[in-house]
Amino acid sequence: QVQLVESGGGVVQAGGSLRLSCAASGRTFSSDAMGWFRQAPGKEREFVAAISWSGGTTFYTDSVKDRFTMSRDNAKNTVYLQMNSLKPEDTAVYYCAAAPSFSRLRRSGDYWGRGTQVTVAS
């Protein structure tokens, strides 16, 4: 059974940091693009960050550039999202996703985790 399991969420004060992890099991994702998405209450899910299979290319939505960093460890079948200088508007459920290409990842994603809650208190 293929699974993506997110962890590392929690409650943090504005300006603080959190590191999210997404551990994959059931198959290797070393050839897939992987990404983070988030969904705040009453809002649609939005793209946050993505990383190529090699880790050599990353993309970020404008609102998190220079604050969030995505990385991956293919040996551990795990991706990470380091979130610094957190703002209350970053509060959301964060989801991990995987797909063979960036375009497919952004469009629909093939595999999704169940999410981890991030709450940033002002």
Side-chain angles (χ1 to χ4, degrees):
Q1 182 182 2
V2 177
Q3 280 189 314
L4 298 177
V5 179
E6 303 93 338
S7 62
V11 180
V12 64
Q13 291 293 318
S17 298
L18 283 174
R19 188 194 195 205
L20 305 184
S21 298
C22 172
S25 61
R27 68 180 279 267
T28 179
F29 286 90
S30 58
S31 298
D32 291 82
M34 298 193 71
W36 288 96
F37 295 75
R38 66 186 180 187
Q39 187 167 20
K43 295 187 177 181
E44 293 189 352
R45 186 176 64 201
E46 66 170 345
F47 167 78
V48 176
I51 192 167
S52 62
W53 68 271
S54 67
T57 302
T58 52
F59 296 102
Y60 301 93
T61 192
D62 286 346
S63 63
V64 308
K65 282 180 182 176
D66 300 324
R67 298 190 299 121
F68 291 10
T69 302
M70 187 172 182
S71 60
R72 69 189 297 163
D73 184 339
N74 286 337
K76 295 182 179 180
N77 225 16
T78 300
V79 296
Y80 307 94
L81 186 67
Q82 177 66 44
M83 305 186 296
N84 299 329
S85 302
L86 282 161
K87 304 175 180 180
E89 52 263 43
D90 294 317
T91 295
V93 178
Y94 283 70
Y95 298 91
C96 174
S101 68
F102 280 125
S103 59
R104 189 156 163 171
L105 180 70
R106 294 290 297 268
R107 190 165 61 247
S108 61
D110 283 11
Y111 299 98
W112 288 88
R114 301 182 75 171
T116 185
Q117 176 70 47
V118 171
T119 302
V120 184
S122 56

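- Checked against the 6.0 Å centroid criterion, the rings of Y111 and F29 qualify as a close aromatic pair.
- With values rounded to the nearest 0.5 angstrom, Y94 atom OH is found 7.5 Å from L81 atom CG.
- Evaluation of the side chain to side chain donor-acceptor pair (under 3.5 Å) rule for R114 yields no partner, not counting sequence neighbours.
- Judged as a disulfide (SG to SG under 2.5 Å), the pairs with a partner in residues 17-100 (not counting sequence neighbours) are, in order, C22-C96.
- With hydrogens and angles ignored, the 3.5 Å screen pairs a side-chain donor or acceptor of T91 with a backbone N or O of V120.
- Nearest heavy atoms, A24 versus L4: CB-CD2, 3.5 Å.
- Residue pairs meeting the disulfide (SG to SG under 2.5 Å) criterion with at least one partner in residues 45-89, sequence neighbours excluded, are absent.
- Counting side-chain heavy-atom gaps under 4.5 Å among Ile, Leu, Val, Met, Phe, Trp and Tyr, V5 is found in no cluster with other residues.
- Judged as a side chain to side chain donor-acceptor pair (under 3.5 Å), and not counting sequence neighbours, the contacts of D90 are R38, R67.
- For an aromatic pair to be called close, the ring centres must be under 6.0 Å apart, and F59 with F102 satisfies this.
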Report the C-alpha distance between V64 and F47 in whole Å, list the side-chain angles of each, state the deciding distance to 0.1 Å, and finish with yes or no for side chain to side chain contact (heavy atoms under 4.5 Å, CB included). CA-CA 10 Å; V64 308; F47 167 78; over 6 Å; no
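- Here the closest non-hydrogen pair linking V48 and F68 is CG1-CD2, 3.9 Å.
- Taking NZ of K87 as the start and OG of S63 as the end, the distance is 8.0 Å to the nearest 0.5 Å.
- With sequence neighbours left out, the salt bridge (Lys or Arg N to Asp or Glu O under 4.0 Å) criterion links R104 to D110.
- Between W112 and Y95, the two ring planes are perpendicular [angle over 60°; tilted spans 30° to 60°].
- R106 meets the side chain to side chain donor-acceptor pair (under 3.5 Å) test with no other residue; sequence neighbours excluded.
- D66 is linked by a salt bridge (Lys or Arg N to Asp or Glu O under 4.0 Å) to nothing, counting only residues two or more places apart in sequence or in another chain.
- In this structure the side chain of F37 reaches within 4.5 angstrom of the side chain of L105, judged on heavy atoms.
- Separating the CD1 atom in I51 from the CE atom in M34 is a distance of 9.5 Å, to the nearest 0.5 Å.
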What donor-acceptor contacts under 3.5 angstrom involve side-chain atoms of residues 7-18, with partners at least two apart or in another chain?
| residue | atom | partner | partner atom | Å |
| --- | --- | --- | --- | --- |
| S17 | OG | N84 | OD1 | 2.9 |

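- Sequence neighbours left out, the pairs with a member in residues 68-77 that pass side-chain hydrogen bond (donor to acceptor under 3.5 Å, both in side chains) are R72-N74.
- Residues passing the side chain to side chain donor-acceptor pair (under 3.5 Å) test with S103 are S101, sequence neighbours excluded.
- Taking CD from Q117 and CD from Q39, the interatomic distance works out to 11.0 Å, rounded to the nearest 0.5 Å.
- Residues Y60 and A49 come closest through the heavy atom pair CD2-CB, 3.6 Å.
- Closest of all the heavy-atom pairs between W53 and S31 is CB-C, 3.5 Å.
- Closest of all the heavy-atom pairs between G109 and A99 is CA-CB, 4.2 Å.
- Screening residues 1-26 for salt bridge (charged side-chain N to carboxylate O under 4.0 Å, His left out), with sequence neighbours left out, gives no hits.
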